[in-house]
Structures are given as C-alpha cells and as structure tokens.
Amino acid sequence: MKSFDHKEIERKWQKKWQNERTYAVTDDTQKKKCYVLDMFPYPSGEGLHVGHPKGYIATDVYARYMTMQGMNVLHPMGWDAFGLPAENYALKNKVHPAVAVKKNIARFKEQLEKIGFNYDWDREINTTDPVFYKWTQWIFIQLFKKGLAYESYEPINWCPSCKTGLANEDLDGNVCERCGTVVEKKPMRQWVLRITAYADRLLEDLDALPWSDSVKEMQRNWIGRSEGALLRFPVVNTEDVVEVFTTRPDTLFGATYMVLAPEHALVAKHMPRITNADEVQAYIQATAKKTDIERTTEGKEKTGVVLKGLVVRNPANNEALPVYISDYVLAGYGTGAIMAVPAHDERDFAFAKKFNLPITYVIAPHFIDQKNPPKKETPTIERVMVHAIIHDTKTDMYLMLKWKKNPWTSFVIGGAEDGEDLLTAVAREVEEETGYTNLVFKRQLGGTVCSEYFAAHKNENRFAYAHAFLFEIGSNTQHAEPSPEELEKHEPVWMTLQEFEADPNMTCTEYGIWRGLLEKETAYTGEGMLVNSGDFSGLEIEEAKKKITAFVHGELTVQYRLQDWVFSRQRYWGEPIPLVHCDTCGIVPVREEDLPVRLPDVESYEPTGTGESPLAGIEEWVNITCPKCGGKGKRETNTMPQWAGSSWYHLRYIDPKNETKLVDPAKEAYWSPVDVYVGGMEHATRHLIYARFWHKFLYDIGVVTSKEPYQKLYTVGLILAEDGRKMSKRWGNVINPDDMVSKMGADALRIYEMFMGPFGQAIAWSTDHMVGTRRFLERVYGLRESVKDDGEVNVVLLHKTIKKVGEDIASFNFNTAISQLMILVNDMEKRTSVQGAEYKTLLTLLAPFAPHLTEELWEQLGHTTSIHKEAWSVYDETKLQDAVATIVVQINGKVRGFFTVAPETGEAELKKSAKEVATVIPHLEGKEIVREIVVPGRLVNFVTRG
RNA sequence: GCCGGAGUGGCGGAAUGGUAGACGCGCACGACUCAAAAUCGUGUAUCGAAAGGUGUGGGAGUUCAAGUCUCCCCUCCGGCACCA
C-alpha cells in the first residue's frame, strides 16, 4: 500500500479553500445559527507550542460538525495583543510593541493556518487596532457616564518591577502574575470600575449557566458574598462611632473587645488621646512594611496593640470595651473594623488568649439525649448543672460516678443552687460525692451547653444548662470517704477516657463537646441557642441575628470579597482612557465622534515608575481643548489593562467592520450569545468575570439582547511535555506543531490531540503515541482500493457509528468518537470489499477531524463540491440493534457462561436456555434456585442456596 | 483550614448499576525480507498445569449484581485562604 503524501494534500486543499472562500460566513438568518468561539490567543514572541491549538482543534471539529448539521456557524479568530507581555517583550528586544505584535501575529497565523482551521479570516479582529479599540473606549465612556467608572486614590497593588498598578485579579497570591515580583500597597490616583455593583447579578445568573461546577464554584468563591449586619459602637467621650461588619450579630452580647485595622481612619484621628501613641505608631509602621506574604505566613500567631485611652460601648449592653489594632483585621474588607467575639470566632479566640482578654460564651450547643429522650406529658424542670472532670495526670485516669439505682456512668455531676457561683457549686458537689477537696482547678471547658433528657430518678424532664470544669489532683489534694448516703446513690470510680467511652452505661449528652475541648481549647462556631444575652437568651441564631440587629439600630447588609476593578495602568501599550481633565469642567469624556483616541507614537515608552504613564510626557498629545467648554484641558494618560478588549471582543466578530456601531442590532440579535466557548481554566476568575460584567452592562444600555455572553463553556486540559512538566522554553521540552504537521501531517496532529484523552484533562504529549493516529489515517486511505458499489457492509456498526460520533462531538467527547471511527475502519479492513455508500459515510464522519485527507478522498470519488458542505448522515433507530444478543449467565452474580439468542427472546426462554449452558450446569447441580433475575438482551442471574 | 475535581493494565484511557480493561501506544511471537524498517496476522490484567480464584486507592454498607450508588479514610491536582 502506498502511503499518502500529506504535504501535497494539505497544500492543495488549504489553497483551494482559501481561493474558493469555502469557510466564508454569511448572516443567513433563514438558518439556525451556532456561534462557536475560542478564547483568542495572545500572540507572544515564542510562537505556538503543540498545546495551544488543542482548543482550536476542538472548536474546529465542532464547528465543522454543526455546519454539516445544517447550522449557520460562526467560528472566528483574532488577537488579544495589548498589555504587559507584548510591551515587556518589545522593551527587551528593543522594537516598538506595535511592530513586535504585527510580527508575532503573522507568525501565529502562519502556524494556525497549517493546521487547517475553517476560520473566516475576513472577520479577524485585533484589540490593538484603532478600529477595534475605538469601541473599547466607547464602552468605557458609557461606563463613566453611568457612574460605573470612577477616579480613586485608595491604596492599590503596585508591581515595582512592571511599574504599574494592578487589579486583585492580576495577582497570584501576593505576587504579580506576570513577573512574579511581590506587590506593594501604594496609594495612587487610578480609574476603577464598579464591578461590585454587578456582584449579585454575576452570582445569581451563574446558577442557570450550563458551565462546569468547578468554574461556577470558583466564581462564587471569588465574588465571596456574605450576609451580615452593620453595627455601630459609640466611642466613649467622643461624637464618633465605629462601624463594624459582622456575619454574627447574634453574638453581640459576647463581644469583649474591638479590633481596628492599623490603617483605620479613626486610629489616626484619635492619636492625640491615645496614651501609648508611640507603641501604636510603631505597630502601624511595622505593619505597613510587611508584605501580605509576611502578614499571612508569619502565621496565625496574632499580634496587636491596645489603644490606651480609647474605649467603645457595646450597643447591646452598654459595656465598655477596649480597642485594639491588629493586622488580622484587613482594611480592605468590610469596614476595616470588627467586634471581637472570642467565644465564637477562632481568630478572636486566638487573639484573646494571647492578650488575656475575657471570653464570654453566648451561644450554647443544644442536644437532645438519644438514650434518655424527654418524655411527653412529663413536666420539664430547668436546671443549671455542673460537671467536674477530675484528672489524675500520673495515671491518666478520670474520676467518674457509677450510679446504683440506674444503669449510669457519668462524670461527677450536680446542680447549682439558685444564685450560687458555679465554681463553688462544683467544688461542693465534688466534695459531697467523692470526698475530694483542694483539687487544682485548671479551667472551664467552653461555656454553657444545653441538653434535654429524661431524669428517671426524679421522673421529670430536664432542660439542663451544663458547664464543665477541669480539675487535677495536686500535692495539696485531700481525700476523705464520702458519706454513706452519697455512697448509696453512686460510687466514685477511676477510669480512662477510653474505658468511659466504651462503657455501655455512659451517660453524658454533651460528651462530644467536652472531649473536644479537653484536647484543644477553641471557639464554638456551630449551631445553638442564645444564652447570657439578656432578653434574647433562648432564641435560635437566625432569629437572633435579625432581632439583635434591629435592637441596636444596625442594618442587615451584604459584603463581597470581590473588589472594584482597578482599571488603569501606568504603561504605554494599552487603550488610552478617553477622558479629559479640565480646570473648569472637571473630568469630561472625549466626544464619541472623536473616538478613537489613538495611542500616540512615542520615542520612549519605558514605564516611568512615578505613577504616571509614559504618555504623560508627550505634551502635544496631552494638551487638548476641553470637549465641553473649549478651554484648556489635559488628556487622561493612564491606559487600560490587558483585559479590556477581551471583555467584549466576542461581539465584534459578529459585525467586525461596522464603523458607526459597536455591533449592528439585527446581527447581534441573530448571532448572540456565543453558543459554545472554549478556553483555559486560568481564565475562570478573571476574563470570564470581566466579560460577564461588561456584557451585563451592555445589556443594561441596550447594546446586546442577552444577559450572559457565553452559554456552554468547555475548559481545555493542558498538554504537558513528554517529561510531565509544563512545556516551556526554560525546560527545553517544547514541541512545535509545525514539526508535527511536517512529519505526520495536520490531520494526524488534529486526531491525536483529540484522541489523547478526555478534552478537559491535562495529559502529557507523546510523539510515540501519535503514530497510531497516522496509521489510522493510512488505513482509511488504504480502504479506497477495496471500495465497490455493491461491496460488503456492516449496517448495524455503521449506524451505531453515525450515532456515537455525532453525539460525542456534540458533547466534546472527541476521544471516544475517534475510537468508534477506528472500530468501524478495523471492521471494514477485515472485509474483502467495502460498500461505496458506507465508505462515503465514513469519510463524512471523519471529515471534521481530518479535513484534508477526507476532502482529497472525496474528490477521488468523483465529487466536485467540498465534503465540508455535505450533510451529516442520519442514523436509523431500527438499525442499531445487533442481529444476535450475547446473554451472560451468572450464578450468584458470578459469570459462569454465555449463549446467543435473538435479541427479542422472552424471559421464560432465556431462563430455560441459561440452564442448558454447558459451563453453567455444574454450578447448578445440587443447588436450589431461590431467585431468577432476567434482563432481556443482557443477562440471566440465578441466586442459589445449598 | 474551606471549596471543587480525580485515583482503573507497562503507558494514554473506555465502560445507561448488568461479561472491567473498548480504542490506541508499547511488548511478545509469527508472516514478508539476505537483513532491517514499514506492513500484515495472533496474543497481551493477575495467580494457577487446570478447574478456578483475585482484581478499578483503602475500609464498611446498599443490591440478585458495584469502577459506577451511600458513609468513613488515604493520596494527587486545581482554586480560595486571618474576608469578620
């Protein structure tokens, strides 16, 4: 068999497709549309490696399939070329970024074209083209007019290496995502987009999107919505109040101190009255020097300083609370101040332990005893209970009580008298019941725990407020025999905790809580009932949140982790922000008819590092007449971030040459939204949030008709290098697609990348494995010699294949689609001849994957039109069933034999035949069949006994 | 710590609760060849001579039947992380 010449075939067809404009897209509104989009590439200087085209191949296969299904398919491509990578590359190589970008695009395009994509290049876009960025600027002006773009002087992330401010989304932890430099907080003038105004809609509309749970969850986490309340704490002897955001207003009675972020405005304001100002200043300065990394990795070890002379009042009970500053409170979240409830917040707990602050428990876990549940029609008595947990550290034993009249083993336990101090009560009970005195009191275990149970010895239901106290045997501890009356009730017994837990008579509803607190002292953050909270005691948490907030005149509010989008960059290579600063009119947008504001040519575009962009130095560009009053004005010199263009580019492909509108409304209504969007997981919380935000804004101002830009979303799994690491010039493990196309052909590359494994999964490249796909194509090529009009045909297999390949492409399961095609080809190869019609169908099924070879073979069959214009075959539901069914016979679920029958054979017949299978008979001998399970067409299972 | 996702041959992986390992790579043997490559054919989870047993990260459970469903645990990958 002669192998095919892929180079010749590819050259021939790529040229022909181009000349005949095979893939031109028209706005044929008679047809149903399908908009398939790739996240467009950033044309770097490195060129493509073999991983880049994976997503493009997938969308190409999908788009070709949808075209064959009769859809009008839009599958465009373009370039995202503004921003730091291009600019840094240009600086390094001493060329103008515009020149570098042009060259890189040419290289990318050349590489892509070799792979045989069906792009309509007439719709190519480029974010750095003034014709394109005119509309990016136009959108900014609309945002500005609606108050969604604002100037701010707040501290932001500053990358000292890239010399520009960055958005939160541009950070990788605490370092600049581009260059890896640790970022600083720097107060500076900047433009910010009010994305938080869209936070709830970005969150709510996520639910209905047919995206993967992981991407949706990532976005939810990123937005980080939390419901809570704003509460106000008056500062004693001043007019000021400290406003606090908390998700737990129900714990207000447990607030024992307050913490402000070191940067909080009130700290500076009240510095004169702070008596330890030196210490406070020192802490503030130390914090300012710390990077976020130091703040977090230095650990959970809390630091802080009390503000002596500053006291606030708890609005719930008027208690005076001390005020601290600590870097565990972040200036950028909530109000930059918290009420600290150490009993019910782990961070506050750690801080309170370190600074010896009081811990007041106001939420009690609430248990109902399962062993002795409360009885109906029985009076319930409330009692305050005390548990003594008495530990002998020498033997690691604990002192318990074994009860005489009831089968109970318990801690030393008793009730507190009305008004009696709990510690007094527990000491009294210990002495009475065990005879021990002068035990060493270690600590109380947490706070109150409520438990309800039936107390058989008193025939009453108890609602107990239980408290546990840990004691140890000390050198002064004395022991006397308890009284005979007490011994009659229960006997003190030393046992280990393990023995206690294993004791079937162990009675202690709250044991789980005590046990946890014995091991580790910690805050209680779980469910429960309010205690020690005045009139609110007895309420459940959710109800208390509302009532206490209302009681102190607070407001229920919502906070987001998401912060407004820092939108200005002090760099050259971006869209100029189209605003003018005028002394009389303030900030005025550039007139829309004057757009685009072109990026001026400049001799030096190096970043200045001063907080101003290089554009600030070009006087003839900066100085301009004010669009409003005609007086003197100065242009805004900041530029937009890399993510501006990609936030709306999907709309421009629909109408790329429109000079008067961003997109023609009729065309938008037809093509939008994107039906299938494909790209990398790394864009889950940046591009995909920004683009959703802008799209929703454009919806609000009537530019688009859909609320969401992208319907179905598939994320591409990375292709790793053969060594399992990321492909990188640095490791020298990069595989270039050009080499693979040249060696094995574009079709083999395409099929291999789709066949490697599940589309969304990261898999290492293997050139060895790739030879299999080339062999497969050779076999398809070889088949043409055995094609005869009346050749052999496997109807069932053919129809199964039509069904599976179509369904698998539609659901992005390309690997199994290809495997099915291989099964069909293997079957055809084994025959002496292949029916012409079946062969033609095979070629059309393979066409989306291998566009060049199938087009060539199609022509060889005598066709004069492109195979890519053919209709997808329709399978016949009645031809999917095999002529015979293989029935599995199981005995007790184990496979013991097979037989074949007609698929529609009935149950009775199947049972009968199953019992006659030679390999089955020995297993049934002497056994009684107690159950027979029959799944027609599949199996018979006999359950036997004996 | 919290939230997602995943653990199946030598490798990539496949499997509506119904014969685990499809398909591909590799490997072994055979054919062709002076020889090799390419190609074609046969075989290829594992223990066992066989009958049969054992096998989808580990452990329990549901079911006639579990890779698949439920619970617990381990490991790996990704995201978030002092967010009040």
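Only heavy atoms go into these numbers, but all of them, side chains included; no hydrogens, no water, no symmetry mates. Residue numbers start from 1 in every chain, and the chains themselves are labelled A, B, ... in the order their sequence lines are given, proteins ahead of strands. What you are looking at is a predicted structure, and each value in this text was computed from that prediction instead of being measured.
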| query | Using atom C1' of each nucleotide, how far apart are B/C77 and B/A15 to the nearest Å? | reply | 24 Å

| message | Does A/Ile763 reach a base, just sugar-phosphate, or nothing at all? Heavy atoms under 4.0 Å. | response | sugar-phosphate

| message | Below the 4.0 Å mark, does B/A81 have OP1 or OP2 next to a side-chain nitrogen or oxygen of A/Arg561? | response | yes

| request: For nucleotides B/G53 and B/G67, find the distance between their P atoms and express it as a whole number of Å. | output: 16 Å

| Which part of the nucleic acid does A/Glu932 contact within heavy-atom distance under 4.0 Å: base, sugar-phosphate only, or nothing? | nothing

| task | Provide the distance between the two C1' atoms, one in B/U75 and one in B/U8, to the nearest whole Å. | result | 15 Å

| task | Look at all strands and tell whether A/Leu939 reaches a base, only sugar-phosphate, or nothing, counting heavy atoms closer than 4.0 Å. | result | base

| According to a strict under-4.0 Å criterion, is A/Arg896 in side-chain N/O contact with OP1 or OP2 of B/A65? | no

| field | Who pairs with B/G43 - Watson-Crick or G-U, where each distance is under 3.5 Å | value | B/C27

| task | Name the nucleic acid region contacted by A/Tyr560, choosing base, sugar-phosphate or nothing; use a 4.0 angstrom heavy-atom cut-off, strictly under. | result | nothing

| task | Report yes if at least one side-chain N or O of A/Arg775 is closer than 4.0 Å to OP1 or OP2 of B/G26; otherwise report no. | result | yes

| request: For B/G7, give its Watson-Crick or G-U wobble partner with both distances under 3.5 Å, or none. | output: B/C74

| request: Just name whichever nucleotide pairs with B/A35, Watson-Crick or G-U, keeping both distances under 3.5 Å, else none. | output: none

| Contact class for A/Lys894 vs. all strands (heavy atom < 4.0 Å): base, sugar-phosphate, or nothing? | sugar-phosphate

| Mate of B/C69 where both pairing distances stay under 3.5 Å, Watson-Crick or G-U | B/G61

| Using a cut-off of 4.0 Å on non-hydrogen atoms, how would the nucleic acid contact of A/Val895 be classed: base, sugar-phosphate, or nothing? | sugar-phosphate

| query | Looking only at side-chain N and O atoms, does A/Thr816 come under 4.0 Å of OP1 or OP2 in B/G13? | reply | no

| For A/Asn826 and B/G24, is the shortest distance between a side-chain N/O and OP1 or OP2 below 4.0 Å? | yes

| said: Just by distance, no angles: are the side chains of A/Gln563 and A/Tyr333 close enough, under 3.5 Å, to form a donor-acceptor pair? | reply: no

| task | Looking at every strand, decide which applies to A/Thr886 at a 4.0 Å heavy-atom threshold: base, sugar-phosphate, or nothing. | result | base

